[in-house]
There are 2 protein chains.
Amino acid sequence: MAELPIETYLPGLSIDCVIFGFHEMELKVLLLNMKNQEEWALPGGFIQKDQDVDIEANRILENRTGLKNIFLQQFHLFGDLTRNKAGHAKKLVETKIISDDLRPWFEQRFLSIGYYALVEYSKVQVPTPDFTSDSCEWCSLNNLPKLIMDHQQIIDRAHQVLKKELNYQPIGLNLLPQQFTMSEIQTLYETVLGKTLDRRNFRRKILSYDILVATNKQRKGGTHRAPMLYEFDEEKYTQAIQEGLKSLF
Amino acid sequence: MAELPIETYLPGLSIDCVIFGFHEMELKVLLLNMKNQEEWALPGGFIQKDQDVDIEANRILENRTGLKNIFLQQFHLFGDLTRNKAGHAKKLVETKIISDDLRPWFEQRFLSIGYYALVEYSKVQVPTPDFTSDSCEWCSLNNLPKLIMDHQQIIDRAHQVLKKELNYQPIGLNLLPQQFTMSEIQTLYETVLGKTLDRRNFRRKILSYDILVATNKQRKGGTHRAPMLYEFDEEKYTQAIQEGLKSLF
DNA sequence: ACAAAAGTGTTATTTCTACACCCATGC
DNA sequence: GCATGGGTGTAGAAATAACACTTTTGT
């Protein structure tokens, strides 16, 4: 059982991160399996009294994934009373996740600040579980296990916001490997949007954003014609995020 | 000097409301003039320990404007360390806004949840100032007075979010009087967007949303042809907010 | 040779933009 | 009768949507 320096944290406030990854044509979310429980939780943490909230969110993300400087965006504060399930703290004590003297801390009402992150699946080596959990795994967004408290709602909302953001920002730089094929990025978009797109129209549109550069390498190995590999032009990509894209999917 | 039931509030958290109104072809924001100070502030308040954050935001809005059931939307949590200006609590004590024993409450670090509201200017009778302020006034968005802490930034962000939301939602039901002319609603859109729109194209587009109904009344009085009055079809309007609009400005 | 995905262009439709003239009203 | 804003339509440009055949590669 870990001790928490709770006196250094802002009381009643937590951060929950919805960490999206993309693998095997599926959107995934990084989840923690609670110790001695069936339930899963979003990686999260508390906010140090003397630190910016955004920086704390980054710290939490880094602790969990080992990644720095990742695209991380605050999207909602969850402040309903009902999100505090009565038995939560009790369960944490019973399952020996926390010691009894931490119980009041976990029993207080919590508001949680939702952040979402886009990370490259393969760069997250062995996700490291925190003291509340004994494993940390990628779960497919459309086949999520049972989640504690309102974490399912938090994920749903993050996904919704992500969809909307596609209209303003390119995604992919953080979700895809360095080099990728046209159909890989198309599948990413289709997955996030939850609908299929026309191959030829997609290519035209994504190229019109002028954020991709074609390498002259190809990916060998499939039992089919070898596709061309693309990379992001990071400068133009960053610029596109700042200025916004003109048109949408 | 008022006493605050601070023990009933969540510590370190506040709500600030950017209340938009529309009058004389300008977007306005409701601001409080701090007692004995030059500076102005957004109407805000604290969150009761046993209440939903959204409900508390509505309560604060109602206290300030007398309006219930208003379009009110959480848009950002402001969590930087720098937003806490050192001298703020001291000033409150010196200007006799708060008693000395409240000083620690106001000296603590505060995070603030930003909400924005759209209200009908004429329905807000005499805005009632709270205990920190001696007047409550509509200020034109593009000519704001000096604001405390980071309230200017909060307003800027709210405006930015509002602009973006125009792409997804109609506005106007809360900002305009019951009946209005085509050019009144056009001016509203132009004001929010900060750009002029073509009269004929605007009419076509707003009518294509199918949320307006033409009354067969006209507004008399101008030294020109009497314009037709429109109303919102509230059912379709609500539906459009939920489903989103197809196209944008 | 065949299965599987990659690459590529054109046409029809829809949406957006730009633009100009006549109409009703009050003074 | 004139100044002021109200009302309306159309044509060109741009964006979007729909659609099919050929190429490469591994087995």
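In what follows, chains are A, B, ... by sequence order, proteins preceding strands, each numbered from 1.
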Worksheet item: Does C:dG7 have OP1 or OP2 sitting under 4.0 Å from an N or O in the side chain of A:Arg199?
Response: no
Worksheet item: In terms of side-chain geometry, is the basic nitrogen of B:Lys236 or B:Glu243 positioned less than 4.0 Å from the acidic oxygen of its partner?
Response: no
Worksheet item: Considering only heavy atoms from C-beta outward, does the side chain of B:Phe22 approach that of B:Thr187 to under 4.5 Å?
Response: yes
Discussion item. Between C1' on C:dG7 and CD on A:Gln186, what's the gap in Å once rounded to a whole number?
Written reply: 13 Å
Practice prompt. Could you check how far CZ of B:Phe202 sits from P of D:dT8, rounded to whole Å?
Written response: 15 Å
Discussion item. More than 12 heavy atoms of other residues, nucleotides or ligands under 6.0 Å from CD of A:Gln153: yes or no?
Written reply: no
Worksheet, complete the sentence: Whole-Å distance, B:Lys205 NZ to D:dG9 P, equals 20 Å
Discussion item. Both A:Asn201 and B:Tyr230 contact DNA chain D. Taking the nearest nucleotide for each, which residue is further toward the 5' end?
Written reply: B:Tyr230
Worksheet item: Taking atom CD of B:Gln178 and atom CD of B:Glu120, what is their separation to the nearest 0.5 Å?
Response: 8.0 Å
Item to complete: Take atom CG of B:Leu197 and atom P of C:dC19, then tell me their distance rounded to the nearest Å.
Response: 15 Å
Discussion item. For C:dA6 and A:Ser183 - does any side-chain N or O of the residue sit under 4.0 Å from the phosphate oxygens OP1/OP2?
Written reply: yes
Response to the item:
Closest to the 5' end of DNA chain D, once A:Gly221 and A:Asp198 are matched to their nearest nucleotides, is A:Asp198
Fill in: B:Phe20/B:Val192 under side chain to side chain contact (heavy atoms under 4.5 Å, CB included): CA gap, chis, key distance, verdict
CA-CA 10 Å; B:Phe20 288 109; B:Val192 173; over 6 Å; no
Practice prompt. Return the value, rounded to whole Å, for the distance between atom CD1 of B:Ile206 and atom P of D:dG7.
Written response: 15 Å
Worksheet item: What is the distance from CE of B:Met228 to C1' of C:dC23, rounded to the nearest Å?
Response: 14 Å
Discussion item. By the 4.0 Å heavy-atom rule, please label B:Arg204 as base, sugar-phosphate, or nothing.
Written reply: base
N/O contacts under 3.5 Å, protein versus nucleotides 2-4 of chain C?
none

Worksheet entry | For atom NZ of B:Lys195 and atom P of C:dC16, their distance in whole Å | 12 Å
Item to complete: Starting at atom CD of B:Gln218, determine the distance to atom P of D:dG5, rounded to an integer number of angstrom.
Response: 17 Å
Worksheet item: Taking the six-membered ring where the residue is Trp, are the ring centres of A:Phe232 and A:Phe180 under 6.0 Å apart?
Response: yes
Worksheet item: If only side-chain N and O atoms of B:Arg200 are considered, is one of them under 4.0 Å from the OP1 or OP2 phosphate oxygen of D:dG7?
Response: no
Worksheet item: How many angstroms lie between atom CG of B:Leu147 and atom CH2 of B:Trp40, to the nearest 0.5 angstrom?
Response: 9.5 Å
